[in-house]
**Student:** 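Take this structure first; my questions come after.
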2 protein chains.
Amino acid sequence: MNDLRIDGPRLWDSLMELARIGATDKGGVKRLALTDLDRQGRDLVVGWARAEGLAITVDAIGNVFMRREGANPELPPVVTGSHIDTQPTGGKFDGNYGVLAGLEVVRTLNQHGVRTEAPIEVAFWTNEEGSRFVPVMMGSGVFCGAFSLETAYAARDVDGKSVGEELERIGYRGPQTPGDHPIGAYFETHIEQGPVLEDADNVIGVVPAVMGLSWYDCTVTGMEAHAGPTPMGLRRDALQVATTIMQETVAIANRYPPYGRGTVGMVQVFPNSRNVIPGQVKFSIDLRNVTDELLNTMHGEIEAFIERTRRETGLAIELERVSYYPPCPFHPDCVGAVRAATEKLGYSTMDVVSGAGHDAIYVARLAPAGMIFVPCKDGISHNEIEDAQPAHLEAGCNVLLHAMLERAGVAGGNTSASGNTPAAAEIVA
Amino acid sequence: MNDLRIDGPRLWDSLMELARIGATDKGGVKRLALTDLDRQGRDLVVGWARAEGLAITVDAIGNVFMRREGANPELPPVVTGSHIDTQPTGGKFDGNYGVLAGLEVVRTLNQHGVRTEAPIEVAFWTNEEGSRFVPVMMGSGVFCGAFSLETAYAARDVDGKSVGEELERIGYRGPQTPGDHPIGAYFETHIEQGPVLEDADNVIGVVPAVMGLSWYDCTVTGMEAHAGPTPMGLRRDALQVATTIMQETVAIANRYPPYGRGTVGMVQVFPNSRNVIPGQVKFSIDLRNVTDELLNTMHGEIEAFIERTRRETGLAIELERVSYYPPCPFHPDCVGAVRAATEKLGYSTMDVVSGAGHDAIYVARLAPAGMIFVPCKDGISHNEIEDAQPAHLEAGCNVLLHAMLERAGVAGGNTSASGNTPAAAEIVA
């Protein structure tokens with residue numbers, strides 16, 4: 001069983017074939033959730049699953065579960081998956097890799113006739129990207145009860161079409177109640193969407209957690225005035241005060257390494273005229289870290305800095321928290337299974353905390369979950385030039401295979417990382 | 001002659017009457033250059049001038065000169081003036097005060113039968129504001145040869161109407177060649193359009209010079225990346241680097257007091273998304289000071305800072321100078337005449353360098369020129385709430401009267417500030 005490996009070229013070919021549906025001129029993919037192209041993609045993947053003998057279940061929000069029965073059907077399945085919808089200027093790998101890696105695991109098990117104790121399932125979740133319909137991570141969010149099916153159904157795109165209508169139209173409004181589907185453990189393979197693995201020249205990222213984030217809108221109000229006639233000492237320049245807060249945002253993140261993040265991404269200056277001292281500046285603040293405690297500390301520091309700046313400058317400064325997602329530590333069993341599989345397979349590895357959201361965050365509310373990252377070129381994702389190396393995708397899929405086998409158990413054998421006696425696989429076909 | 005004073009209420013009444021043409025609901029004035037309202041305003045002022053016996057000359061760009069003959073018609077006239085066009089959301093005083101203060105000087109001389117040696121003229125210059133047609137300060141600019149009459153005629157508003165057509169239509173395309181009009185000395189009274197006089201509680205600003213300005217576009221290019229997955233150490237955050245340059249802009253101005261000015265008024269962030277590290281930031285830099293030497297020093301410092309920042313951060317930073325107006329020192333004779341008149345009249349006073357452009361800058365290329373500032377409420381101008389106190393407007397007009405008398409000379413008398421024998425005015429009527 002330790003020698004079992006997935007078929008890298010087969011995985012790559014499937015990725016390339018799926019990427020043809022919605023392919024863009026620049027080499028990317030535009031396959032928005034619940035469009036005709038999404039249906040074509042879903043049909044292709046479901047067709048491949050059927051060819052492997054998997055049983056298909058669709059729930060009411062369009063999440064699809066493709067099941068390979070286990071020796072013990074009473075056991076909750078070990079599930080892997082991700083999403084196949086893309087950003088408008090998306091790439092070939094974000095999401096799609098996680099789904100097709102799961103399919104490749106199944107193909108490998110079938111090819112080698114490996115029977116698992118627990119069932120194996122490959123899932124894809126509806127509308128992870130949130131590009132056409134908000135909220136993002138819609139399918140997994142409904143599945144775990146983060147928001148209701150009705151809320152999701154009512155979401156409309158810019159043309160006024162609703163999720164409910166579009167699910168019906170493409171034939172993926174299934175009978176199963178979302179969440180009414182046991183999961184024994186959940187794994188998700190994904191391109192890192194960041195530069196850490198590539199920078200450190202490592203192949204596998206073991207993901208102990210997904211960062212939490214705190215989003216703010218900050219507004220500094222001074223006094224608009226002419227740039228020439230107004231002496232420096234009589235100015236109430238909103239931008240100059242805002243720049244100190246922008247710099248402090250980064251300084252705070254740097255004080256809480258290695259996972260502290262601080263970003264000002266959006267800035268609006270009023271009146272935004274070359275020869276007028278800005279009277280008001282609005283900007284976003286994005287703080288992230290890996291534990292509630294660290295994130296709260298960072299929150300306290302930005303608040304304190306703003307209070308001090310308010311006092312020292314006399315300018316009005318508002319700080320409004322507009323979003324908060326708590327950090328999501330993954331389950332030790334799943335993280336351990338990924339780490340053990342990586343070590344067993346001998347890939348270079350490091351821990352990489354996810355800075356972006358994934359369906360695994362929501363699934364983790366219901367079941368033990370873990371993630372596997374592989375490098376992507378220059379850390380670029382959500383872009384048509386998104387790229388990844390076949391060897392890395394193959395490695396991540398091998399880790400997924402062995403982590404799943406460890407959690408599912410091989411019928412008649414024992415591949416547990418904690419087990420001392422790796423057993424031969426039971427050959428069933 | 002030293003006891004001669006203008007009639008403050010008469011000046012105020014004329015200001016309020018002119019302000020009715022194009023009056024806005026918020027108490028301001030919208031009387032854009034070469035519109036029907038501009039014609040009505042011009043006709044009103046010219047009518048008042050005719051009633052005082054002044055001779056009217058109009059040049060080909062619509063500048064109007066209203067002449068009160070001197071005892072020696074061969075002497076070049078001592079001219080005062082400004083403009084009567086306004087911003088779209090303009091006030092009652094910007095420009096209009098300078099023209100009507102000149103008219104009030106003439107009325108006072110007529111009322112008291114004072115005959116001057118040199119002729120006195122009141123001028124208003126076409127399209128100072130530049131709101132409808134660019135370039136700004138068009139009439140005085142053509143007059144002094146800063147750009148050609150053809151360039152000015154060809155300027156079009158958003159509806160495609162040209163300056164040449166509109167001048168013809170409103171009947172103010174005159175026969176005189178612009179610039180072909182001698183000026184012995186030029187004075188312009190104006191609200192300060194800044195907060196300096198009000199802040200210091202002074203009534204009269206003696207204006208030794210108009211600041212020069214250097215305008216730049218600065219572009220910082222880093223690398224756009226996701227705010228979550230990208231660790232602080234691997235970022236190339238264009239905004240963070242840009243904020244240091246924004247702060248240095250202000251720091252440079254503070255190093256060259258009292259007239260140094262540094263302003264970043266306009267900022268664009270790309271892609272300007274909350275969870276994306278900015279890949280590029282473009283912003284304006286506005287540096288001003290009162291001498292070429294100081295402005296060049298400031299220019300050198302921003303260039304050096306950017307070079308250092310480029311080296312230290314590795315980010316691409318472009319700095320492009322997009323405009324340069326040299327500082328304009330006013331003529332010692334005219335500045336001296338304003339200072340002497342202010343002291344003689346006993347008004348509280350200080351030097352105030354103009355940070356904004358005025359017709360006097362262009363006129364100064366052809367003739368000795370000087371300006372007189374009076375406070376405006378909160379330093380606000382180019383705004384419908386622009387306001388000024390009647391007592392201040394009266395004081396500025398008295399200073400104008402005595403400065404003009406000093407330069408024009410009283411027929412049969414001597415009011416020169418350098419003269420030791422103030423003489424009685426010759427009463428002519």
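Sequence lines set the chain letters: A, B, ... in the order given, protein chains first and strands last, and positions in each chain run from 1. Just so it is clear, the values below take in all heavy atoms, side chains as well, and ignore hydrogens, waters and symmetry mates. These numbers were taken from a predicted model, which means no experiment stands behind them.
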**Student:** Side chain from CB out, backbone as N, CA, C, O: work out which of these in T244(B) comes under 4.5 Å of a heavy atom of chain A, or both, or neither.
**Tutor:** both

**Student:** Answer yes or no: are there more than 12 heavy-atom neighbours, outside Y325(A) itself, under 6.0 Å from its atom OH?
**Tutor:**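 No, because the 6.0 Å sphere around OH of Y325(A) holds 12 heavy atoms or fewer from other groups.
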
**Student:** Against chain A, label R261(B) side chain, backbone, both or neither, depending on which of its atoms sit under 4.5 Å from a heavy atom there.
**Tutor:**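 Answer is both: backbone and side chain atoms of R261(B) are under 4.5 Å from chain A.
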
**Student:** Would you compute the distance between atom CE of M232(A) and atom CD1 of I252(B) and round it to the nearest 0.5 angstrom?
**Tutor:** 10.5 Å

**Student:** Let me know if M246(B) has heavy atoms under 4.5 Å from chain A in its side chain, its backbone, both or neither.
**Tutor:**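 Both the backbone and the side chain of M246(B) come within 4.5 Å of chain A.
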
**Student:** Which atoms of Y256(B) come close to chain A, meaning under 4.5 Å heavy atom to heavy atom: side chain ones, backbone ones, both, or neither?
**Tutor:** neither

**Student:** At a heavy-atom distance under 4.5 Å, which candidate from E192(B), Q247(B), Q268(B) has the highest pair count against chain A?
**Tutor:** Q247(B)

**Student:** Looking only at heavy atoms and a cut-off of under 4.5 Å, which of D286(A), V269(A), T263(A), N272(A) has the most pairs with chain B?
**Tutor:**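 The residue among D286(A), V269(A), T263(A), N272(A) with the greatest pair count is N272(A).
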
**Student:** Which bit of N275(B) is near chain A, if near means a heavy-atom gap under 4.5 Å: side chain, backbone, both or neither?
**Tutor:** both

**Student:** Using heavy-atom distances under 4.5 Å, tell me whether L239(A) contacts chain B through its side chain, its backbone, both, or neither.
**Tutor:** side chain

**Student:** Just so I understand: if I count every heavy-atom pair under 4.5 Å between each of P257(B), P229(B), G355(B), A242(B) and chain A, which residue has the most?
**Tutor:**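 Counting heavy-atom pairs under 4.5 Å, the top option is P229(B).
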
**Student:** With chain B as the partner, which of G194(A), P231(A), A356(A), G233(A) has the greatest number of non-hydrogen pairs under 4.5 Å?
**Tutor:** P231(A)

**Student:** If you count heavy-atom pairs under 4.5 Å between each of G357(A), G260(A), S284(A) and chain B, which one has the most?
**Tutor:** S284(A)

**Student:** Is T230(B) in contact with chain A via its backbone, its side chain, both, or neither, using a 4.5 Å heavy-atom distance?
**Tutor:**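 Both parts, heavy atoms under 4.5 Å.
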
**Student:** Just so I understand: if I count every heavy-atom pair under 4.5 Å between each of Q240(B), M223(B), R288(B) and chain A, which residue has the most?
**Tutor:** Q240(B)

**Student:** Flag the one option from H382(B), R235(B), M211(B) with the top tally of heavy-atom pairs under 4.5 Å to chain A.
**Tutor:**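 Maximum pair count with chain A is reached by R235(B).
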
**Student:** Between V264(A), D378(A), N383(A), which has the largest tally of heavy atom pairs under 4.5 Å with chain B?
**Tutor:** V264(A)

**Student:** Side chain from CB out, backbone as N, CA, C, O: work out which of these in V322(B) comes under 4.5 Å of a heavy atom of chain A, or both, or neither.
**Tutor:**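 When you check distances to chain A, only side chain atoms of V322(B) fall under 4.5 Å.
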
**Student:** So which part of L234(B) gets closer than 4.5 Å to some heavy atom of chain A, the side chain, the backbone, both or neither?
**Tutor:**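 Just the side chain, heavy atoms under 4.5 Å.
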
**Student:** Flag the one option from S354(B), G379(B), G265(B) with the top tally of heavy-atom pairs under 4.5 Å to chain A.
**Tutor:** G265(B)

**Student:** May I ask you to check whether R274(A) and S323(B) show a side-chain donor-acceptor distance below 3.5 Å?
**Tutor:** no

